[in-house]
Amino acid sequence: MVRTMSLLRALLRTVRRVRHTPRLADGLPPDEAILLDAPDSRIGPALVAAAHGEYEPAAKLLATTREAAEWEHRDRYVMRLAVFAYSRGDWLASWLADAPRDPDALIVKTELAIRRAWESPARAERLREIGPLIDAAAEAAPGDPVPWRIALDHARGTHAVHTAFETLWEQAVRRSPHHYGCHVAALRYLSAQWYGSHRECFDFAERAAADAPPGSLMPALPARAAFARMEAEDTFPVRPGSVRPLEEERTEAAADRAIALSAGYPAGDPWPAEVRNLTAYVLVRQGRWTDALEQFRLIGSYATSFPWNRFSDDPLGRFLDAREGVRLRLAAMTPPRARTGRSWLAGH
């Protein structure tokens, strides 16, 4: 009898998956259409030009963001250009040779240097060496918060004490009180994996989200805090039942807040793509399969390396596996129905 029931359950799961998985794929692009870290329409041409060794489009784009105080876009484009220069740096070398004091060339050079330092086996030593480079980038563009975001990341890696970090934080928010990148850098410093705790991390994220102006990505910060908690638990597994109920409640609320933020943007919009990928990950970890599937639909073709690269050298593969896993979970949970509305087992 036990074997018969086990077989029956297995048959039911198979029928559910076969019947419902195709329907659950509605609104999801096929695997081959998914792009990892696809550039938006502004940075795309600059990257194409850089691939041909030309820096002028990148220089024009960053100058525009600086002059218009588009700090969120500037930060994102600086990071994208630095990632590109990591393996193709000839265009940046030419730019620096022609304009060694250009604040836009300097900020890309600084971001590239700190990325390389973080990946070095001698990380702390390498990070200390680039301190003057961060100072030069900040002096070249006094109103720009991006050098201060880099300084916050640098401080975390060099084991800066809280008072030193707070001094940098004050400089950052003086330039842009609601800069998302600076808040993410501060949140990392406050995480339990570095120099804070889960409580401090959530406190900071929730306050910042509550004060966020319209159109800001700051409401996603609590989801970042939830992710930091999950990442810490993966590194140092906790005993069953030892997770505090308050942390579970805050994680749930963080996911709800991120869902609300995501709903304010059109489906397939590249701007909130990273926030949506993060939200999908948190929802998957919570077992909120229906909500997670909706985020994957809103993501469309725009997969992002974060957060999937924190757990795999193949972030795109991890994204696709998570998306398929959610579909299969929901398909297995959906009761099979015949056209008449009766169970397929009716009459047997």
Original post:
Given the rule in the salt bridge (charged side-chain N to carboxylate O under 4.0 Å, His left out) test, do Arg128 and Glu125 qualify, once you have shown the distances and angles that lead to the verdict?
Top reply: CA-CA 5 Å; Arg128 282 191 289 270; Glu125 181 180 349; 5.8 Å; no
Heavy atoms, side chains only, cut-off 4.5 Å: are [X] and [Y] in contact?
X	Y	answer
Leu187	Cys201	yes
Arg74	Ile107	yes
Pro222	Arg207	no
Leu47	Leu81	yes
Ile259	Arg288	yes
Leu283	Gln286	yes

Original post:
Is it true that Trp71 and His178 have ring centroids separated by less than 6.0 Å?
Top reply: no
**OP:** State yes or no: are the ring centers of His162 and Trp169 separated by less than 6.0 Å?
**Re:** no
If we count only N and O atoms by modelled type, under 3.5 Å, do the side chains of [X] and [Y] hold a donor and an acceptor together?
X	Y	result
Tyr86	Glu119	yes
Asn277	Trp308	yes
Asp98	Tyr55	yes

Do any N or O atoms from the side chain of [X] and from the backbone of [Y] form a donor-acceptor pair under 3.5 angstrom?
X	Y	result
Arg76	Trp271	yes
Asp75	Val146	no
Asp40	Ile43	yes
His73	Thr65	no
Thr167	Thr163	yes
Thr158	His154	yes
His183	His179	yes
Arg175	Pro142	yes

Original post:
Which atom pair, heavy atoms only, marks the closest approach of Ala97 to Pro100?
Top reply: O-CD, 4.0 Å
Cluster overlap [X] with [Y], hydrophobic side-chain contacts below 4.5 Å:
X	Y	result
Phe296	Tyr281	yes
Met230	Phe319	yes
Met218	Leu278	no
Phe204	Phe227	no

If the threshold is 4.0 Å, N to carboxylate O, is there a salt bridge linking [X] and [Y]?
X	Y	answer
Asp37	Arg80	no
Glu111	Arg115	yes
Glu70	Arg42	yes
Asp104	Arg66	yes
Glu247	Arg250	no
Arg229	Glu233	yes
Asp314	Arg318	no

**OP:** With rounding to the nearest 0.5 Å, note down the distance linking CD1 in Ile150 to CG in Leu112.
**Re:** 10.5 Å
Subject >> Six-ring centre of Phe306, Arg224 cation under 6.0 angstrom, axis tolerance 45° >> reply: yes
Original post:
Would Arg156 count as a cation-pi partner of Phe165, with NZ or CZ less than 6.0 Å from the six-membered ring centre and within 45° of the ring normal?
Top reply: no
Original post:
Going through the distances and angles, do Tyr180 and Val275 end up as a side chain to side chain contact (heavy atoms under 4.5 Å, CB included)?
Top reply: CA-CA 11 Å; Tyr180 181 68; Val275 166; 4.1 Å; yes
